[in-house]
Amino acid sequence: MKRENFVIIGLFVLAWALLLGQPTAFGVGLRVFFIRLATPFERFANLIPVIRTHSQLADDNTKLHDDNNALRRQITELQHQRAENQQLRALLQIKQAAPWRTVGARVIGRDASNWWKSIQIDRGSADGIRPDQPVLSASGLVGKTISVTPGESRVLLLLDPTCKSGALLETTREPGIVSGANIALTREPRLQMSFVDRKSNVKIGDAIYTSGLGGVFPRGILIGTVTDADLDPQGMYQNVELKPAADFRRLEEVMVIIQ
Amino acid sequence: MNFLLITGAALLLSALQARLPTAWWLGGIRFEFLPALVAYGALTFRHRRWVIALAVLAGLLQDALSAAPFGNTGAAYALATFAFIPLRHTFDRERLWMQMLAGAAASVAASLFACATAGFNGAVPKIFLLAALSAVVAPFVFFALDYTKWRSRHA
């Protein structure tokens, strides 16, 4: 077989995975189109007595399959709506409890490069957003705005090594600076807290909050929890690794503190 | 190739690159299509100025949809194309390995420029993985653009 044929087959498989593997309006529309295309032929086959019994069974089977698929689709949609509802309720609770003025936004894009960690949100300067404003999710700190247009903003995630926040250990009130762990390959997003005194008693599971120092992030926002802490034998500080409170894998709605 | 078509392709590929989810199962990386587009331009366009223009356009689009310093990737792609231009007189662009090599080289150039800004801490495996993925993506992009070009000529 020629190379072009392999490529065509590959493209077909890719298109199938992208278009029909997802419950998109286009995928559903395409399916309905093919069903309508095939239905006249199916009805014609039903007129032939010999294969009527088989066709009835096939009809029942197809109907049950269709019902099953419709129910599955409904379950998926309801699960999606429930998750979204929970996220929005959590954000609303934070908004009501917090002393800040906030703007809710949806995530509309990720970073186009693999070497930086940022997202794009659907609110911009027209909604009062300016660069260097903190961004939160329902679970905790997400990052800060870096570039703003009237309709959308780019948010530098806390996972990026260039995004730094002053932080405090909840139990010992030990200060430090939290930033993205590194730029290497990683299966789990991780943060690191640097400049933590080597004598400080850091325990796994300790919560870490923003300290309010630095002028960008207000005090008292949850950043994450300690997952690992080790002493550098020759250094003055401890190396503390954190699991971020915000779920960076599933960021959909966020809140920007505008005042 | 029609400049409007290649601009459309660059916009489409950059938007796709920014929209696709992060592959955490693959070490938290994202699929990149623009290195393949840059490689396509470098091995296809007759005039050097169009090659460089496309490289810069692709790089700037990528930077605009990223937290990267604006112009970083544009410069990387533009420099990478200088390496391809002499090669296209030596090697056949229709060869699969040539397309893959060009895609990988554009990716490595962009990675090195990014690391020069962000740091090289633990970056080497990521550079190799990204280059390998760009190499895999390149023939598909070449085929899609060649086909589009052929269709536009025979429409």
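A, B, ... follow the sequence lines: proteins, then strands. Residue 1 opens every chain.
Annotation: A/Arg198, atom CZ; neighbour count of heavy atoms from other residues, nucleotides and ligands within 6.0 Å is above 12. Atom CZ of A/Arg72 sits in a sparse spot, with 12 or fewer heavy atoms from other residues, nucleotides or ligands closer than 6.0 Å.
Taking each heavy atom of B/Ser66 and A/Ser113 in turn, the nearest pair found is OG-CB, 3.7 Å. Closest of all the heavy-atom pairs between B/Lys126 and A/Asn114 is NZ-O, 2.7 Å.
Heavy-atom distances place the backbone of A/Ile108, and not its side chain, under 4.5 Å from chain B. Residue B/Ile29 touches chain A through both its backbone and its side chain, counting heavy-atom pairs closer than 4.5 Å. Within the 4.5 angstrom heavy-atom criterion, no atom of B/Ala23 approaches chain A.
Using a 4.5 Å cut-off on side-chain heavy atoms (C-beta onward), A/Arg154 and B/Leu65 make contact. Side-chain contact between A/Trp116 and B/Asn72: present, with at least one pair of heavy atoms (C-beta onward) separated by less than 4.5 Å. The closest side-chain heavy-atom distance from B/Thr73 to A/Trp115 is not below 4.5 Å.
A donor-acceptor pair under 3.5 Å links the side-chain atoms of A/Asp111 to the main chain of B/Ala67, judged by distance alone.
Interface check for chain A: of the options B/Leu61, B/Leu129, B/Ile127, B/Leu34, the most heavy-atom pairs under 4.5 Å are formed by B/Ile127.
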